[in-house]
Amino acid sequence: MVGIVSYGAYIPIYRLSREAISAMWSQLPGRGERSVANADEDSLTMGVEAVLDCLNGIDRKQVDALYFSSLSPSYVEKQSASIIRAACDLRPEIVTADISHSLQGATTAMKMATDAVQAGSAKMVMIVASDHRLAAPNSADEANWGDGAAAFLIGSKDVAVSVEGEYHVSSQFIGTWRKPGDRYLNSWEDRFVRDKGYMEILPNAVRTAMRKWGIGPQDITKACYYGPDARTHGAMSRPMGLDVKTQVQDPMFASLGDTGCAFAPMILVAALEDAKPGDTILYASYGDGADIYLLKVQPQIEKVRNRRGIKRHLASKMMLHNYGKYVEIRDMMEWAVGMRPSRRSSLPVIWREREMLYPLNGQKCKKCGNIQFPKQRVCMYCQEKDNFELVRLSDKKGKLFTFSLDERAMEIVLPKVISIVDLEGGGRFYSIMTDRDVSKIDVGMEVEMTFRLQLEGSGLHNYFWRVRPVRC
């Protein structure tokens, strides 16, 4: 039996109300809100968050491959999956791959993962989908899209959700596209894209898959599938023969938005949070064709409930006060000289300190047992020399020892909160605090680590760990 062993998700803490977007463009008030990634987040960092959520209670040494899917990868020519692997402290002797360019990238990755496990070339494969797409200002996409990520661990042991059937179809249909150099998505006429694309390709594939499996719509407990907007998503249930009120999983357009290739996976995570053993789930994605999966919930699902997943992340949020802050975070305007951070970094330093920077390894003195960060040759406590073992600090929580606020720093979301944190189990970490409400920061508050973009880089994305107030 092959299937999902564990699942995880991530939603940024910031939300922007559609009313604020409508007010900016003098439109009728929109309903609900969309998720917005912070200025120090991108598809890669959100992918790290989802993988870590998925790995809760899982031995990281068991993962044999990691496949990353995104329509908004951090690099055009540089693998994101390899950086995610390092940040999550997975073994370097694993297969990593990026799967991009299509909305159905995550379900393509699931096909690759299940095939690898069935063939015996891997025991466990991590698949993660994450998107951080930039929509054109004053477009329908701007209000409809959101940011987020989801991850699944695929294996054949301790399976929580088994894959009972699959069906795949490819299509050359062109409805939306983005060429190299295009900043925003291009689209053909809405009705054509909807009627000949979404409403035809996905429902037809679902009906064909059901006939292949010898089941009917009445056999489906929950259906989790992609849709470009709330209206189209609801309308797609009818040709598939599904009851939108009882069988279709809430697509969360009102609270999250369309998260691209992560959207269908995130809907699936939401369904699994409430799923019961014996439930049958239809999981379908769209994009250059369709991927359809028939899933069966197993009793093991009860042992993987302790995830932040969708519900807890949705409940943990901070509202952006206006559209201008969204524009600033998204870097959508020309700014005065000195308003934006200068970017510089050193690739030799990043390579030399790779064990410290990405997995956030500190060192534990083998003589006195104290933990230090960053690494150094001499123990600051007992002066023992070159007698240390590595210890991962990224999964440690801590308490804020002291902090200062800098209103003139090179930081997009001011003030810059410079923090000193005492970590559980020992060690002290100097960091920047992100995802914070300045009015609620206090000495002694509990914080946790989060993998983020740093505002420097010499033309590359420079990643390191920051702290944030504990979410959820």
Side-chain angles (χ1 to χ4, degrees), residues 18 22 27-34 71 102-104 106-107 131 133 135 139-146 148 167-171 173-177 185-211 213 215-271 280-295 310:
R18 294 191 174 96
S22 301
Q27 300 171 349
L28 293 175
R31 294 181 180 180
E33 59 198 35
R34 54 156 296 180
L71 293 167
S102 176
L103 280 168
Q104 65 181 116
T107 46
D131 257 327
R133 297 180 295 172
S139 67
D141 291 338
E142 185 176 52
N144 194 51
W145 285 359
Y167 177 76
H168 309 275
V169 61
S170 175
S171 172
F173 177 79
I174 301 176
T176 59
W177 69 94
L185 186 71
N186 300 295
S187 178
W188 197 246
E189 192 268 329
D190 289 349
R191 188 173 58 179
F192 170 76
V193 174
R194 182 184 65 248
D195 294 348
K196 295 300 181 181
Y198 303 113
M199 295 296 296
E200 187 170 302
I201 294 172
L202 186 61
N204 286 347
V206 168
R207 290 195 297 267
T208 302
M210 287 184 180
R211 288 195 299 269
W213 300 329
I215 65 172
Q218 71 280 359
D219 298 310
I220 303 300
T221 308
K222 283 293 180 182
C224 309
Y225 58 87
Y226 179 83
D229 54 68
R231 181 178 179 182
T232 304
H233 187 276
M236 288 166 70
S237 66
R238 291 192 290 273
M240 290 188 284
L242 299 169
D243 187 321
V244 70
K245 293 183 179 180
T246 61
Q247 290 180 290
V248 177
Q249 180 67 29
D250 178 13
M252 303 173 289
F253 280 106
S255 55
L256 174 65
D258 175 3
T259 55
C261 72
F263 192 39
M266 293 179 78
I267 296 173
L268 177 58
V269 171
T280 300
I281 297 178
L282 177 73
Y283 175 41
S285 71
Y286 168 89
D288 305 289
D291 292 324
I292 318 297
Y293 289 90
L294 184 66
L295 307 177
I310 297 297

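All residue numbers in this chain count up from 1 along the given sequence. Note that the structure is predicted; figures quoted are calculated from it, not measured.
Note on ring orientation: taking the six-membered ring where Trp is involved, the planes of Tyr226 and Tyr198 are tilted (angle from 30° to 60°).
In terms of modelled atom types and a separation under 3.5 Å, the side chain of Asp291 and the main chain of Ser285 share no donor-acceptor contact. When atom types are taken as modelled, the side chain of Asp141 and the backbone of Ala135 share no donor-acceptor pair closer than 3.5 angstrom. Between the side chain of Asn204 and the main chain of Glu200, a donor-acceptor pair closer than 3.5 Å is present. Side chain of Ser187 to backbone of Thr176: no donor-acceptor contact under 3.5 angstrom is found. Of the possible donor and acceptor atoms, none in the side chain of Arg207 sits under 3.5 Å from a partner among the backbone N and O of Gly241. Of the possible donor and acceptor atoms, one in the side chain of His233 sits under 3.5 Å from a partner among the backbone N and O of Tyr225. A donor-acceptor contact shorter than 3.5 Å is absent between the side chain of Arg238 and the backbone of Val244. At distances below 3.5 Å, at least one donor-acceptor pair connects side-chain atoms of Arg18 with backbone N or O atoms of Ala143.
Pairs passing the salt bridge (charged side-chain N to carboxylate O under 4.0 Å, His left out) check and including a residue from residues 215-236, sequence neighbours excluded, do not occur. Among residue pairs with one or both ends in residues 251-263, those qualifying as salt bridge (charged side-chain N to carboxylate O under 4.0 Å, His left out) are Arg133-Asp258; sequence neighbours excluded.
Looking at heavy atoms from C-beta onward, Leu268 lies in side-chain contact with Leu295 at the 4.5 angstrom threshold.
No more than 12 heavy atoms of other residues, nucleotides or ligands sit less than 6.0 Å from atom CH2 of Trp188.
Going from atom CD1 of Ile281 over to atom OH of Tyr293 covers 14.5 Å, rounded to the nearest 0.5 Å. Taking OH of Tyr286 as the start and CD1 of Ile201 as the end, the distance is 4.0 Å to the nearest 0.5 Å.
Here the rule is side chain to side chain contact (heavy atoms under 4.5 Å, CB included) with Leu242, and of Met236, Gln247, Gln218 only Gln247 fits it.
Taking all atoms of both residues into account, the shortest heavy-atom contact from Ala209 to Tyr167 is CB-CB, 3.7 Å.
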Go through the steps to decide whether Trp213 and Ile292 satisfy the test side chain to side chain contact (heavy atoms under 4.5 Å, CB included), and finish with yes or no. CA-CA 11 Å; Trp213 300 329; Ile292 318 297; 3.6 Å; yes
CA sep, side-chain torsions, deciding dist, call: Phe263, Asp131, side chain to side chain contact (heavy atoms under 4.5 Å, CB included): CA-CA 9 Å; Phe263 192 39; Asp131 257 327; over 6 Å; no
